[in-house]
J.: 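I have a structure here, written as C-alpha coordinates, and I will follow up with some questions on it.
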Amino acid sequence: MSIFEYNGSALIAMVGKNCFAIASDRRLGVQLQTIATDFQRIYKIHDKLYIGLSGLATDAQTLYQRLFFRHKLYQLREERDMKPETFANLVSAILYEKRFGPYFCQPVIAGLGDDDKPFICTMDSIGAKELAKDFVVAGTASESLYGACESMYKPDMVCSIFSCTYIYKHKVLDIFGPFTKPLHPSNPTEKRKKFMASYICKPTKCRLDLTNY
Amino acid sequence: MVVVKRFVLQVHRKSDMSKAVVDLPPKGGFSFDLCRRNEMLISKGVHPPSFRKTGTTIVGLVFKDGVILGADTRATEGPIVCDKNCEKIHYIAPNIYCCGAGTAADTEAVTDMVSSQLQLHRYHTGRESRVITALTLLKSHLFSYQGYVSAALVLGGVDITGPHLHTIYPHGSTDTLPFATMGSGSLAAMAVFESKFREGLTREEGIELVCEAICSGIFNDLGSGSNVDVCVITKGHKEYLRNHQMPNPRTYVSSKGYTFPKGLTEVLTTKITPLKEKVEVIEGNDAMEE
(Lines give C-alpha, C1' and ligand atoms only; values in the text may rest on other atoms or scores of the structure.)
Protein backbone atom coordinates (compact mmCIF):
# COMPACT_ATOMS: atom_id res chain seq x y z
CA MET A 1 0.00 0.00 0.00
CA SER A 2 1.38 3.37 -0.96
CA ILE A 3 1.75 6.18 1.53
CA PHE A 4 -0.66 8.31 -0.48
CA GLU A 5 -3.43 5.79 0.02
CA TYR A 6 -3.16 5.92 3.79
CA ASN A 7 -5.42 8.95 4.14
CA GLY A 8 -6.79 9.15 0.59
CA SER A 9 -7.46 12.38 -1.18
CA ALA A 10 -8.55 13.89 -4.45
CA LEU A 11 -7.88 17.39 -5.71
CA ILE A 12 -8.61 19.17 -8.90
CA ALA A 13 -8.05 22.70 -10.16
CA MET A 14 -9.33 24.16 -13.40
CA VAL A 15 -8.99 27.36 -15.34
CA GLY A 16 -12.19 29.00 -16.52
CA LYS A 17 -12.99 32.33 -18.09
CA ASN A 18 -11.18 34.95 -15.95
CA CYS A 19 -11.49 32.63 -12.99
CA PHE A 20 -10.14 29.45 -11.56
CA ALA A 21 -11.80 26.74 -9.48
CA ILE A 22 -10.20 24.38 -7.02
CA ALA A 23 -12.06 21.48 -5.45
CA SER A 24 -11.29 18.67 -3.07
CA ASP A 25 -13.00 15.82 -1.32
CA ARG A 26 -13.45 16.06 2.44
CA ARG A 27 -12.93 12.53 3.57
CA LEU A 28 -10.19 11.70 6.02
CA GLY A 29 -9.55 8.01 6.41
CA VAL A 30 -7.12 5.63 8.02
CA GLN A 31 -6.79 3.13 5.19
CA LEU A 32 -10.36 1.88 4.72
CA GLN A 33 -11.94 3.42 7.79
CA THR A 34 -13.45 6.89 7.41
CA ILE A 35 -12.75 8.98 10.46
CA ALA A 36 -13.88 12.42 9.29
CA THR A 37 -16.05 13.83 6.56
CA ASP A 38 -15.16 17.48 6.95
CA PHE A 39 -11.40 17.49 6.59
CA GLN A 40 -10.02 20.61 4.97
CA ARG A 41 -7.54 20.11 2.16
CA ILE A 42 -7.68 23.48 0.42
CA TYR A 43 -6.12 26.39 2.25
CA LYS A 44 -6.17 30.08 1.49
CA ILE A 45 -2.79 31.76 1.31
CA HIS A 46 -4.19 35.15 0.38
CA ASP A 47 -7.33 36.43 -1.29
CA LYS A 48 -6.24 35.38 -4.74
CA LEU A 49 -4.15 32.31 -4.01
CA TYR A 50 -5.24 28.89 -2.82
CA ILE A 51 -3.24 25.74 -2.26
CA GLY A 52 -4.66 22.25 -2.02
CA LEU A 53 -2.54 19.55 -0.47
CA SER A 54 -3.18 15.88 -1.17
CA GLY A 55 -1.45 12.89 0.35
CA LEU A 56 -0.55 12.20 3.94
CA ALA A 57 -2.75 14.48 6.06
CA THR A 58 -0.14 15.23 8.70
CA ASP A 59 2.42 16.31 6.11
CA ALA A 60 -0.24 18.38 4.35
CA GLN A 61 -1.00 20.31 7.53
CA THR A 62 2.68 20.79 8.41
CA LEU A 63 3.51 21.93 4.91
CA TYR A 64 0.59 24.36 4.86
CA GLN A 65 1.74 25.88 8.16
CA ARG A 66 5.31 26.34 6.88
CA LEU A 67 4.10 27.89 3.62
CA PHE A 68 1.66 30.23 5.34
CA PHE A 69 4.47 31.33 7.66
CA ARG A 70 6.83 31.99 4.74
CA HIS A 71 4.09 33.96 2.99
CA LYS A 72 3.45 36.09 6.06
CA LEU A 73 7.19 36.85 6.27
CA TYR A 74 7.12 37.82 2.61
CA GLN A 75 4.14 40.09 3.24
CA LEU A 76 5.98 41.80 6.05
CA ARG A 77 9.11 42.33 3.98
CA GLU A 78 7.55 43.23 0.63
CA GLU A 79 4.27 44.81 1.84
CA ARG A 80 2.31 42.95 -0.79
CA ASP A 81 0.95 39.49 -1.56
CA MET A 82 2.96 36.85 -3.36
CA LYS A 83 2.24 36.20 -6.99
CA PRO A 84 1.12 32.64 -7.73
CA GLU A 85 4.17 31.96 -9.92
CA THR A 86 6.50 33.05 -7.12
CA PHE A 87 4.57 30.98 -4.61
CA ALA A 88 4.82 27.93 -6.85
CA ASN A 89 8.59 28.37 -6.97
CA LEU A 90 8.67 28.67 -3.18
CA VAL A 91 6.69 25.45 -2.72
CA SER A 92 8.91 23.68 -5.24
CA ALA A 93 12.05 24.78 -3.41
CA ILE A 94 10.69 23.75 -0.01
CA LEU A 95 9.74 20.32 -1.33
CA TYR A 96 13.05 19.78 -3.16
CA GLU A 97 14.97 20.68 -0.03
CA LYS A 98 13.58 17.41 1.37
CA ARG A 99 14.59 15.45 -1.73
CA PHE A 100 15.89 12.41 0.13
CA GLY A 101 13.30 12.40 2.90
CA PRO A 102 10.29 14.01 1.27
CA TYR A 103 6.97 15.28 2.51
CA PHE A 104 4.34 12.84 1.26
CA CYS A 105 2.27 15.60 -0.26
CA GLN A 106 1.26 16.65 -3.71
CA PRO A 107 0.27 20.28 -3.83
CA VAL A 108 -2.14 21.88 -6.26
CA ILE A 109 -1.72 25.63 -6.46
CA ALA A 110 -4.33 27.91 -8.00
CA GLY A 111 -4.33 31.68 -8.09
CA LEU A 112 -4.97 34.87 -10.01
CA GLY A 113 -1.74 36.47 -11.17
CA ASP A 114 -0.99 39.77 -12.84
CA ASP A 115 -4.04 41.31 -14.49
CA ASP A 116 -6.11 38.61 -12.78
CA LYS A 117 -4.94 35.97 -15.17
CA PRO A 118 -5.70 32.52 -13.70
CA PHE A 119 -2.71 30.34 -12.84
CA ILE A 120 -2.73 26.67 -11.86
CA CYS A 121 0.06 24.29 -11.18
CA THR A 122 0.75 20.97 -9.51
CA MET A 123 3.89 19.22 -8.32
CA ASP A 124 4.99 15.78 -7.35
CA SER A 125 6.18 15.20 -3.81
CA ILE A 126 9.70 16.49 -4.49
CA GLY A 127 8.75 19.69 -6.24
CA ALA A 128 8.75 18.96 -9.98
CA LYS A 129 6.41 21.67 -11.22
CA GLU A 130 3.80 21.05 -13.85
CA LEU A 131 2.23 24.22 -15.18
CA ALA A 132 -0.93 23.59 -17.11
CA LYS A 133 -3.22 25.85 -19.02
CA ASP A 134 -6.38 23.81 -18.52
CA PHE A 135 -6.57 21.57 -15.46
CA VAL A 136 -4.44 19.83 -12.89
CA VAL A 137 -5.27 16.88 -10.64
CA ALA A 138 -3.66 15.24 -7.63
CA GLY A 139 -4.36 12.52 -5.13
CA THR A 140 -5.37 8.87 -5.13
CA ALA A 141 -8.12 9.44 -7.66
CA SER A 142 -5.79 11.27 -10.04
CA GLU A 143 -5.90 8.62 -12.76
CA SER A 144 -9.69 8.73 -12.98
CA LEU A 145 -9.71 12.51 -12.77
CA TYR A 146 -7.21 12.73 -15.64
CA GLY A 147 -9.54 10.70 -17.78
CA ALA A 148 -12.63 12.67 -16.82
CA CYS A 149 -10.95 16.04 -17.34
CA GLU A 150 -9.44 15.10 -20.68
CA SER A 151 -12.81 14.20 -22.09
CA MET A 152 -15.00 16.80 -20.44
CA TYR A 153 -12.85 19.91 -20.24
CA LYS A 154 -13.58 22.84 -22.52
CA PRO A 155 -11.61 26.09 -22.44
CA ASP A 156 -13.26 29.29 -21.17
CA MET A 157 -16.01 27.75 -19.10
CA VAL A 158 -17.76 30.49 -17.18
CA CYS A 159 -18.36 28.40 -14.13
CA SER A 160 -15.71 25.79 -14.04
CA ILE A 161 -16.92 24.78 -10.64
CA PHE A 162 -19.85 22.94 -12.02
CA SER A 163 -17.61 20.99 -14.25
CA CYS A 164 -15.44 20.18 -11.27
CA THR A 165 -18.39 18.89 -9.31
CA TYR A 166 -19.83 17.03 -12.25
CA ILE A 167 -16.53 15.36 -12.90
CA TYR A 168 -16.39 14.49 -9.23
CA LYS A 169 -19.85 12.94 -9.41
CA HIS A 170 -18.58 10.52 -11.93
CA LYS A 171 -15.61 9.61 -9.87
CA VAL A 172 -17.39 9.27 -6.53
CA LEU A 173 -16.24 5.75 -5.94
CA ASP A 174 -12.64 6.58 -6.61
CA ILE A 175 -12.46 9.08 -3.80
CA PHE A 176 -11.84 6.10 -1.62
CA GLY A 177 -8.69 5.25 -3.48
CA PRO A 178 -8.18 2.13 -5.52
CA PHE A 179 -10.71 0.18 -3.50
CA THR A 180 -13.76 0.73 -5.67
CA LYS A 181 -16.43 -0.64 -3.39
CA PRO A 182 -19.88 0.88 -3.67
CA LEU A 183 -21.11 2.67 -0.59
CA HIS A 184 -23.61 0.63 1.39
CA PRO A 185 -26.82 2.58 1.73
CA SER A 186 -27.63 0.81 4.97
CA ASN A 187 -27.43 4.17 6.60
CA PRO A 188 -29.40 6.38 4.23
CA THR A 189 -27.90 9.60 5.55
CA GLU A 190 -24.41 8.26 4.85
CA LYS A 191 -24.54 9.39 1.26
CA ARG A 192 -25.38 12.92 2.23
CA LYS A 193 -22.33 13.05 4.40
CA LYS A 194 -19.90 12.79 1.50
CA PHE A 195 -19.13 16.42 1.11
CA MET A 196 -16.92 18.16 -1.30
CA ALA A 197 -15.53 21.64 -0.89
CA SER A 198 -14.91 23.85 -3.86
CA TYR A 199 -13.60 27.35 -4.16
CA ILE A 200 -14.20 29.38 -7.24
CA CYS A 201 -12.27 32.59 -7.41
CA LYS A 202 -12.89 35.55 -9.67
CA PRO A 203 -11.06 38.86 -9.55
CA THR A 204 -13.74 40.49 -7.43
CA LYS A 205 -15.08 37.73 -5.28
CA CYS A 206 -14.48 34.27 -4.04
CA ARG A 207 -17.10 31.62 -3.55
CA LEU A 208 -16.97 28.54 -1.40
CA ASP A 209 -19.46 25.78 -2.14
CA LEU A 210 -20.05 22.72 -0.09
CA THR A 211 -21.70 20.26 -2.37
CA ASN A 212 -23.12 16.83 -2.17
CA TYR A 213 -22.63 14.20 -4.82
CA MET B 1 22.77 34.98 43.59
CA VAL B 2 20.37 32.17 42.90
CA VAL B 3 17.91 34.61 41.38
CA VAL B 4 20.53 35.95 38.96
CA LYS B 5 21.51 32.46 37.86
CA ARG B 6 17.92 31.50 37.20
CA PHE B 7 17.38 34.63 35.16
CA VAL B 8 20.38 33.84 32.97
CA LEU B 9 19.22 30.27 32.46
CA GLN B 10 15.79 31.42 31.38
CA VAL B 11 17.18 33.79 28.78
CA HIS B 12 19.39 31.08 27.36
CA ARG B 13 16.54 28.59 27.07
CA LYS B 14 14.33 31.13 25.39
CA SER B 15 16.84 31.74 22.62
CA ASP B 16 17.27 27.98 22.11
CA MET B 17 13.54 27.56 21.79
CA SER B 18 13.22 30.36 19.31
CA LYS B 19 16.02 28.88 17.20
CA ALA B 20 14.16 25.57 17.02
CA VAL B 21 10.76 27.10 16.28
CA VAL B 22 11.64 29.75 13.72
CA ASP B 23 11.77 28.39 10.21
CA LEU B 24 14.28 30.74 8.66
CA PRO B 25 15.41 30.11 5.12
CA PRO B 26 18.12 27.48 5.53
CA LYS B 27 21.73 27.87 4.44
CA GLY B 28 21.14 25.77 1.34
CA GLY B 29 21.52 22.17 0.31
CA PHE B 30 19.36 19.23 1.27
CA SER B 31 17.69 18.73 4.62
CA PHE B 32 17.43 15.18 5.93
CA ASP B 33 15.25 15.66 8.98
CA LEU B 34 12.28 13.65 7.69
CA CYS B 35 14.44 10.66 6.72
CA ARG B 36 14.11 8.77 9.98
CA ARG B 37 10.34 9.04 9.94
CA ASN B 38 10.18 7.95 6.29
CA GLU B 39 12.39 4.93 7.01
CA MET B 40 10.08 3.97 9.84
CA LEU B 41 7.10 4.16 7.47
CA ILE B 42 8.88 1.97 4.91
CA SER B 43 9.66 -0.61 7.57
CA LYS B 44 5.94 -0.71 8.39
CA GLY B 45 5.24 -1.68 4.80
CA VAL B 46 4.18 1.67 3.43
CA HIS B 47 5.79 2.33 0.10
CA PRO B 48 7.16 5.72 -0.82
CA PRO B 49 5.57 7.46 -3.79
CA SER B 50 6.95 7.32 -7.28
CA PHE B 51 8.44 10.59 -8.48
CA ARG B 52 7.67 12.26 -11.73
CA LYS B 53 10.15 11.07 -14.32
CA THR B 54 10.81 12.37 -17.76
CA GLY B 55 11.14 8.94 -19.41
CA THR B 56 12.45 10.69 -22.36
CA THR B 57 14.17 11.01 -25.65
CA ILE B 58 16.77 13.77 -25.63
CA VAL B 59 19.34 14.27 -28.38
CA GLY B 60 22.07 16.66 -29.41
CA LEU B 61 24.26 17.04 -32.43
CA VAL B 62 27.04 19.29 -33.61
CA PHE B 63 26.50 20.81 -37.04
CA LYS B 64 28.50 23.16 -39.21
CA ASP B 65 27.85 26.37 -37.27
CA GLY B 66 27.01 25.13 -33.79
CA VAL B 67 24.89 22.74 -31.76
CA ILE B 68 21.31 21.53 -32.08
CA LEU B 69 19.48 20.04 -29.10
CA GLY B 70 16.17 18.21 -29.28
CA ALA B 71 13.73 16.73 -26.78
CA ASP B 72 10.24 15.24 -26.58
CA THR B 73 7.66 16.72 -24.20
CA ARG B 74 6.10 13.93 -22.16
CA ALA B 75 6.36 13.66 -18.36
CA THR B 76 5.19 10.44 -16.71
CA GLU B 77 4.25 9.49 -13.18
CA GLY B 78 4.48 5.74 -13.10
CA PRO B 79 2.34 4.50 -16.01
CA ILE B 80 0.36 7.73 -16.35
CA VAL B 81 1.23 10.70 -18.50
CA CYS B 82 0.98 13.66 -16.17
CA ASP B 83 2.24 16.40 -18.46
CA LYS B 84 1.68 16.25 -22.19
CA ASN B 85 3.76 19.32 -22.97
CA CYS B 86 6.56 19.85 -20.51
CA GLU B 87 9.83 21.64 -21.24
CA LYS B 88 12.91 19.48 -21.11
CA ILE B 89 15.39 21.87 -22.67
CA HIS B 90 16.63 24.00 -19.77
CA TYR B 91 18.42 27.30 -19.92
CA ILE B 92 21.91 27.33 -18.45
CA ALA B 93 23.45 30.43 -20.02
CA PRO B 94 22.61 32.60 -23.05
CA ASN B 95 24.90 30.38 -25.13
CA ILE B 96 24.40 27.05 -23.31
CA TYR B 97 21.29 24.87 -23.04
CA CYS B 98 20.82 21.50 -21.38
CA CYS B 99 18.29 18.72 -21.99
CA GLY B 100 17.38 16.66 -18.94
CA ALA B 101 16.16 13.09 -18.50
CA GLY B 102 15.49 11.18 -15.28
CA THR B 103 13.67 12.46 -12.23
CA ALA B 104 12.04 15.73 -13.26
CA ALA B 105 12.64 17.57 -9.98
CA ASP B 106 16.35 16.64 -10.07
CA THR B 107 16.93 17.84 -13.63
CA GLU B 108 15.12 21.11 -12.97
CA ALA B 109 16.85 21.78 -9.68
CA VAL B 110 20.35 20.88 -10.87
CA THR B 111 20.11 22.93 -14.07
CA ASP B 112 18.66 25.94 -12.19
CA MET B 113 21.43 25.72 -9.63
CA VAL B 114 24.22 25.56 -12.22
CA SER B 115 22.56 28.36 -14.18
CA SER B 116 22.67 30.65 -11.10
CA GLN B 117 26.26 29.68 -10.34
CA LEU B 118 27.27 30.49 -13.92
CA GLN B 119 25.49 33.84 -13.75
CA LEU B 120 27.48 34.74 -10.63
CA HIS B 121 30.64 33.54 -12.37
CA ARG B 122 29.86 35.78 -15.34
CA TYR B 123 29.50 38.74 -13.01
CA HIS B 124 32.81 37.91 -11.40
CA THR B 125 34.80 37.39 -14.58
CA GLY B 126 32.93 39.61 -17.05
CA ARG B 127 33.20 36.91 -19.73
CA GLU B 128 30.81 34.67 -21.61
CA SER B 129 30.38 31.28 -19.92
CA ARG B 130 32.10 28.26 -21.34
CA VAL B 131 30.38 24.91 -21.81
CA ILE B 132 33.20 23.13 -20.01
CA THR B 133 32.49 25.23 -16.88
CA ALA B 134 28.86 24.11 -16.83
CA LEU B 135 30.03 20.55 -17.43
CA THR B 136 32.43 20.57 -14.49
CA LEU B 137 29.87 22.12 -12.13
CA LEU B 138 27.22 19.57 -13.11
CA LYS B 139 29.47 16.51 -12.95
CA SER B 140 30.97 17.40 -9.59
CA HIS B 141 27.52 17.98 -8.09
CA LEU B 142 26.15 14.71 -9.45
CA PHE B 143 29.22 12.72 -8.42
CA SER B 144 29.12 14.03 -4.89
CA TYR B 145 25.58 12.62 -4.55
CA GLN B 146 26.76 9.27 -5.92
CA GLY B 147 23.94 8.93 -8.44
CA TYR B 148 21.11 9.60 -5.99
CA VAL B 149 20.36 12.85 -7.78
CA SER B 150 19.01 11.04 -10.81
CA ALA B 151 19.64 13.48 -13.67
CA ALA B 152 20.94 12.36 -17.07
CA LEU B 153 21.78 15.42 -19.16
CA VAL B 154 22.76 16.38 -22.67
CA LEU B 155 24.63 19.68 -22.44
CA GLY B 156 25.34 21.72 -25.53
CA GLY B 157 26.52 25.21 -26.33
CA VAL B 158 28.81 27.43 -28.34
CA ASP B 159 31.49 29.47 -26.62
CA ILE B 160 34.73 31.19 -27.55
CA THR B 161 36.44 27.85 -28.14
CA GLY B 162 33.75 26.58 -30.51
CA PRO B 163 30.68 24.32 -30.35
CA HIS B 164 30.59 21.62 -27.67
CA LEU B 165 28.26 18.71 -26.91
CA HIS B 166 28.51 16.59 -23.77
CA THR B 167 26.47 13.89 -22.04
CA ILE B 168 26.41 13.62 -18.25
CA TYR B 169 25.29 10.46 -16.47
CA PRO B 170 23.63 10.43 -13.03
CA HIS B 171 26.79 9.14 -11.35
CA GLY B 172 28.88 11.98 -12.71
CA SER B 173 30.68 10.50 -15.73
CA THR B 174 30.74 12.54 -18.93
CA ASP B 175 31.32 12.00 -22.63
CA THR B 176 32.17 14.50 -25.33
CA LEU B 177 30.58 13.54 -28.61
CA PRO B 178 29.58 14.86 -32.03
CA PHE B 179 26.08 13.43 -31.55
CA ALA B 180 24.44 12.07 -28.41
CA THR B 181 21.16 10.65 -27.15
CA MET B 182 19.90 9.96 -23.62
CA GLY B 183 16.76 8.74 -21.91
CA SER B 184 14.50 5.75 -22.39
CA GLY B 185 14.12 6.51 -26.10
CA SER B 186 17.86 6.90 -26.62
CA LEU B 187 18.21 3.60 -28.52
CA ALA B 188 15.51 4.54 -31.00
CA ALA B 189 17.05 7.98 -31.54
CA MET B 190 20.60 6.64 -31.73
CA ALA B 191 19.57 4.26 -34.48
CA VAL B 192 18.53 7.26 -36.59
CA PHE B 193 21.69 9.18 -35.79
CA GLU B 194 24.03 6.29 -36.48
CA SER B 195 22.59 5.78 -39.93
CA LYS B 196 22.15 9.39 -41.03
CA PHE B 197 24.67 11.57 -39.21
CA ARG B 198 27.64 13.03 -41.01
CA GLU B 199 30.06 15.86 -40.26
CA GLY B 200 29.28 19.34 -41.54
CA LEU B 201 25.49 19.25 -41.69
CA THR B 202 23.70 22.47 -42.55
CA ARG B 203 21.16 24.02 -40.19
CA GLU B 204 18.11 22.69 -42.04
CA GLU B 205 19.57 19.21 -42.39
CA GLY B 206 20.53 19.22 -38.72
CA ILE B 207 17.07 20.24 -37.55
CA GLU B 208 15.47 17.63 -39.78
CA LEU B 209 17.75 14.90 -38.46
CA VAL B 210 17.10 15.89 -34.84
CA CYS B 211 13.34 15.91 -35.44
CA GLU B 212 13.53 12.51 -37.07
CA ALA B 213 15.47 11.10 -34.14
CA ILE B 214 13.03 12.51 -31.58
CA CYS B 215 10.04 11.30 -33.57
CA SER B 216 11.57 7.84 -33.66
CA GLY B 217 11.77 8.01 -29.87
CA ILE B 218 8.22 9.38 -29.60
CA PHE B 219 6.66 6.66 -31.68
CA ASN B 220 8.71 3.68 -30.55
CA ASP B 221 9.23 4.37 -26.85
CA LEU B 222 6.35 4.49 -24.38
CA GLY B 223 8.13 6.87 -22.06
CA SER B 224 8.41 9.55 -24.74
CA GLY B 225 5.64 11.27 -26.59
CA SER B 226 3.75 14.37 -27.64
CA ASN B 227 5.73 17.11 -29.35
CA VAL B 228 9.27 17.88 -30.46
CA ASP B 229 11.23 20.79 -28.98
CA VAL B 230 14.36 21.97 -30.77
CA CYS B 231 17.04 24.43 -29.73
CA VAL B 232 19.64 25.72 -32.19
CA ILE B 233 22.71 27.41 -30.74
CA THR B 234 25.22 29.17 -32.95
CA LYS B 235 27.96 31.68 -32.26
CA GLY B 236 26.29 34.71 -30.71
CA HIS B 237 22.75 33.54 -31.46
CA LYS B 238 20.28 30.97 -30.16
CA GLU B 239 16.85 29.88 -31.28
CA TYR B 240 14.51 27.93 -29.02
CA LEU B 241 11.84 26.34 -31.21
CA ARG B 242 9.24 25.26 -28.68
CA ASN B 243 6.87 22.64 -30.15
CA HIS B 244 8.67 22.74 -33.48
CA GLN B 245 6.76 19.65 -34.56
CA MET B 246 3.49 18.41 -33.13
CA PRO B 247 3.02 14.92 -34.55
CA ASN B 248 0.41 13.90 -31.95
CA PRO B 249 -2.56 16.22 -32.22
CA ARG B 250 -5.80 15.39 -30.45
CA THR B 251 -7.80 13.94 -33.31
CA TYR B 252 -11.09 13.00 -31.73
CA VAL B 253 -12.94 15.71 -29.91
CA SER B 254 -16.58 15.03 -29.18
CA SER B 255 -18.55 17.49 -31.32
CA LYS B 256 -21.46 17.66 -28.90
CA GLY B 257 -19.28 18.34 -25.92
CA TYR B 258 -20.55 17.99 -22.38
CA THR B 259 -22.93 20.55 -20.95
CA PHE B 260 -23.32 21.03 -17.27
CA PRO B 261 -26.67 22.59 -16.43
CA LYS B 262 -26.94 24.48 -13.18
CA GLY B 263 -28.39 22.48 -10.34
CA LEU B 264 -26.86 19.26 -11.57
CA THR B 265 -24.93 19.01 -8.38
CA GLU B 266 -26.81 19.69 -5.20
CA VAL B 267 -25.14 22.62 -3.50
CA LEU B 268 -25.49 22.45 0.25
CA THR B 269 -24.12 25.80 1.32
CA THR B 270 -22.57 28.74 -0.50
CA LYS B 271 -20.47 31.49 0.93
CA ILE B 272 -19.50 34.44 -1.27
CA THR B 273 -16.74 36.69 -0.03
CA PRO B 274 -16.23 39.93 -1.95
CA LEU B 275 -12.52 40.66 -2.29
CA LYS B 276 -11.51 44.05 -1.00
CA GLU B 277 -9.68 46.27 -3.40
CA LYS B 278 -6.19 46.82 -2.02
CA VAL B 279 -5.51 50.55 -2.13
CA GLU B 280 -1.94 51.75 -2.59
CA VAL B 281 -1.18 54.70 -0.36
CA ILE B 282 1.53 56.88 -1.86
CA GLU B 283 2.73 59.14 0.85
CA GLY B 284 3.38 62.75 -0.03
CA ASN B 285 6.96 63.78 0.67
CA ASP B 286 6.11 67.18 2.17
CA ALA B 287 6.61 65.84 5.71
CA MET B 288 10.31 65.24 5.08
CA GLU B 289 10.90 68.30 2.92
CA GLU B 290 10.37 70.69 5.84
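Just so we're on the same page: letters track the sequence lines, and every chain starts at 1. For clarity, every value in this text was computed on a predicted model and none was experimentally measured.
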J.: For the NE2 atom on B/His141, are there more than 12 heavy atoms of other groups (residues, nucleotides or ligands in this structure) within a distance under 6.0 Å?
T.: yes

J.: Name the region of A/Ser142, side chain, backbone, both or neither, that has any atom closer than 4.5 Å to a heavy atom of chain B.
T.: neither

J.: Would the number of heavy atoms belonging to other residues, nucleotides or ligands and lying under 6.0 Å from CD1 of B/Ile42 be above 12?
T.: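 Result for CD1/B/Ile42: enclosed.
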
J.: At a heavy-atom separation under 4.5 Å, does A/Tyr6 approach chain B through its side chain, its backbone, both, or neither?
T.: neither

J.: Taking the inter-plane angle between the rings of B/Phe30 and A/Phe100 on a 0 to 90° scale, is it parallel (under 30°), tilted (30 to 60°) or perpendicular (over 60°)?
T.: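 Ring orientation of B/Phe30 relative to A/Phe100: perpendicular.
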
J.: What distance do A/Glu97 atom CD and B/Leu34 atom CG have between them, rounded to the nearest 0.5 Å?
T.: 9.5 Å

J.: Is B/Arg37 salt-bridged to A/Asp59, going by a charged N under 4.0 Å from an acidic O?
T.: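 A/Asp59 and B/Arg37: salt-bridged.
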
J.: Taking the side chain as every heavy atom from C-beta outward, state whether A/Gln106 and B/Glu77 have any atom pair closer than 4.5 Å.
T.: yes

J.: Would one find more than 12 heavy atoms of other residues, nucleotides or ligands at under 6.0 Å from atom CG of B/Asp33?
T.: yes

J.: Pick one of side chain, backbone, both or neither for A/Leu90, based on which atoms fall under 4.5 Å of a heavy atom in chain B.
T.: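 Looking at A/Leu90, nothing touches chain B.
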
J.: Could you tell me which non-hydrogen atom of B/Ala105 sits nearest to which non-hydrogen atom of A/Ala128, and how far apart they are?
T.: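 Minimum heavy-atom contact is N-CB, 3.5 Å.
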
J.: Measure A/Phe4 against the heavy atoms of chain B and call it side chain, backbone, both or neither at under 4.5 Å.
T.: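 When you check distances to chain B, only side chain atoms of A/Phe4 fall under 4.5 Å.
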
J.: Just how far is it from atom OG1 of B/Thr103 to atom CG of A/Asp124, taken to the nearest 0.5 Å?
T.: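 So the gap between those two atoms works out to 8.5 Å.
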
J.: Less than 4.5 Å apart, any side-chain heavy atom of A/Phe104 and any of B/Asn38?
T.: yes

J.: Could you tell me whether the side chain of A/Arg99 and the main chain of B/Tyr148 form a donor-acceptor pair under 3.5 Å?
T.: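 Side chain of A/Arg99 to backbone of B/Tyr148, a donor-acceptor pair under 3.5 Å: yes, one is there.
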
J.: Report, as yes or no, whether the 6.0 Å neighbourhood of atom CZ on B/Phe143 holds more than 12 heavy atoms from other residues, nucleotides or ligands.
T.: no

J.: Check each atom of A/Glu150 against the heavy atoms of chain B and say whether the ones under 4.5 Å are side chain, backbone, both or neither.
T.: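 Interface part for A/Glu150: both.
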
J.: Would one find more than 12 heavy atoms of other residues, nucleotides or ligands at under 6.0 Å from atom CZ of B/Arg36?
T.: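 No - once you tally the heavy atoms of other residues, nucleotides and ligands closer than 6.0 Å, there are 12 at most.
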
J.: Using every non-hydrogen atom in the two residues, find where A/Tyr96 and B/Asp106 come nearest and quote the distance to one decimal.
T.: OH-OD1, 2.7 Å

J.: Picking from A/Ala132, A/Gly127, A/Pro102, which has the most non-hydrogen pairs under 4.5 angstrom with chain B?
T.: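 Of A/Ala132, A/Gly127, A/Pro102, A/Pro102 has the most heavy-atom pairs under 4.5 Å with chain B.
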
